[in-house]
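First up is the structure itself, then whatever we jot down about it.
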Amino acid sequence: MIRRIVRVAVVACLIANCLDLTTSIIASPVDRWYDTPKRAAWEWAIQLALVLPLVLLAARQAPRAVAALRALPVPRNALVVCGLFFALEVGHIALRLETYPFSPVAMYSNAVTTPPPVVQDTWRYLVIDHSKTLQMLSFERESTAASQFLTDFDYRTAAVATQYSRTRAVFSLVTEQLAAQGLPKPLIVRMPYSTRTGVPIPGPMERFEPLLPGHARDKR
């Protein structure tokens, strides 16, 4: 039992070493996003030498694998097609050459989108509270028990208000609820914020007055 466990662990390490080699030899576009450490010649030599035992083991087990495949109750033509497809999939993954519709590894693939800018603009509601302090209104927060201004907001209202924040209907709804608490109408401003932290960045702000009903929805 212990010998079998050790043998499985050794084979797993040899396969991992082989995969590390195959994914390192051929360059991939994703490499420019990561600082891959350079390997010394002796490291390459050791990894290449460890491929030999895996090749010998595969050659030794090949007859048994072929016999097991032939024993399957699957037509020969279908078995060949499935085997070729499996080999193609394994090759694509091992060489980091995933290409749709072959090897659609999805989130495990090397598909890299353009990173978002560090600073983006967003539209936010600003409210002056009873202490004459300027507060930034968060519809998500107002739909929870931590609500400060909009007592009648639930999560569904908050979701719709966030999506259509610059429409006249949402502006009127927020204004009415603030007026019920004796607070002035809010301001809608565009302000820069950090895409990494989500925190607004001090800078110039542009005011927006929703005069037309059904204004184009805001993209958060």
Side-chain angles (χ1 to χ4, degrees), residues 23-24 27-37 92-93 96-220:
T23 55
S24 303
S28 173
V30 76
D31 292 338
R32 70 179 185 271
W33 299 103
Y34 302 97
D35 295 327
T36 305
H92 277 195
I93 296 173
R96 296 193 302 172
L97 299 176
E98 300 97 330
T99 304
Y100 184 84
F102 299 101
S103 308
V105 190
M107 65 180 178
Y108 299 108
S109 69
N110 288 328
V112 178
T113 58
T114 303
V118 178
V119 178
Q120 284 186 338
D121 291 339
T122 183
W123 293 97
R124 295 295 182 185
Y125 276 66
L126 297 182
V127 179
I128 300 178
D129 61 15
H130 292 289
S131 62
K132 306 302 180 183
T133 302
L134 194 63
Q135 301 280 355
M136 185 170 65
L137 190 64
S138 170
F139 293 132
E140 292 87 351
R141 183 184 60 204
E142 295 300 320
S143 65
T144 65
S147 174
Q148 293 179 287
F149 306 105
L150 310 178
T151 56
D152 294 337
F153 262 51
D154 57 12
Y155 71 94
R156 289 169 293 188
T157 307
V160 174
T162 301
Q163 188 173 15
Y164 300 97
S165 60
R166 288 190 292 160
T167 60
R168 184 69 179 177
V170 174
F171 182 78
S172 300
L173 178 62
V174 174
T175 301
E176 291 175 3
Q177 294 208 17
L178 292 177
Q181 302 183 44
L183 298 174
K185 69 177 183 178
L187 300 175
I188 304 179
V189 298
R190 180 162 59 185
M191 60 176 60
Y193 75 101
S194 171
T195 57
R196 295 178 179 175
T197 63
V199 178
I201 300 174
M205 295 185 296
E206 175 188 352
R207 182 176 176 180
F208 175 80
E209 187 70 26
L211 298 177
L212 299 177
H215 192 281
R217 73 180 191 183
D218 178 25
K219 293 182 179 180
R220 297 180 61 191

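Hydrogens, waters and symmetry mates play no part in the numbers below; they use all other heavy atoms, side chains included.
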Please find the pair of heavy atoms, one from R141 and one from M136, that lie closest to each other, and give the distance.
NH2-O, 3.2 Å

Find out whether Y125 and V170 are in side-chain contact, i.e. whether some heavy atom of one side chain is under 4.5 Å from a heavy atom of the other.
yes

For L183, look at atom CG and say whether over 12 heavy atoms of other residues, nucleotides or ligands are found less than 6.0 Å away.
yes

N/O donor-acceptor pair under 3.5 Å between H130 side chain and Q181 backbone:
yes

Between S165 and F139, the two heavy atoms sitting closest are CB-CE1, 4.1 Å

Minimum heavy-atom separation for E142 to S147, with atom names?
OE1-OG, 2.8 Å

To the closest 0.5 Å, what do you measure between CG (L187) and NZ (K185)?
8.0 Å

Validation row: P186, L137 side chains within 4.5 angstrom (heavy atoms):
no

Report the C-alpha distance between F149 and D129 in whole Å, list the side-chain angles of each, state the deciding distance to 0.1 Å, and finish with yes or no for side-chain contact (heavy atoms from CB on, under 4.5 Å).
CA-CA 9 Å; F149 306 105; D129 61 15; 3.9 Å; yes

Say you draw a straight line from CD of E140 to OG1 of T162; how long is it, rounded to the nearest 0.5 Å?
4.0 Å

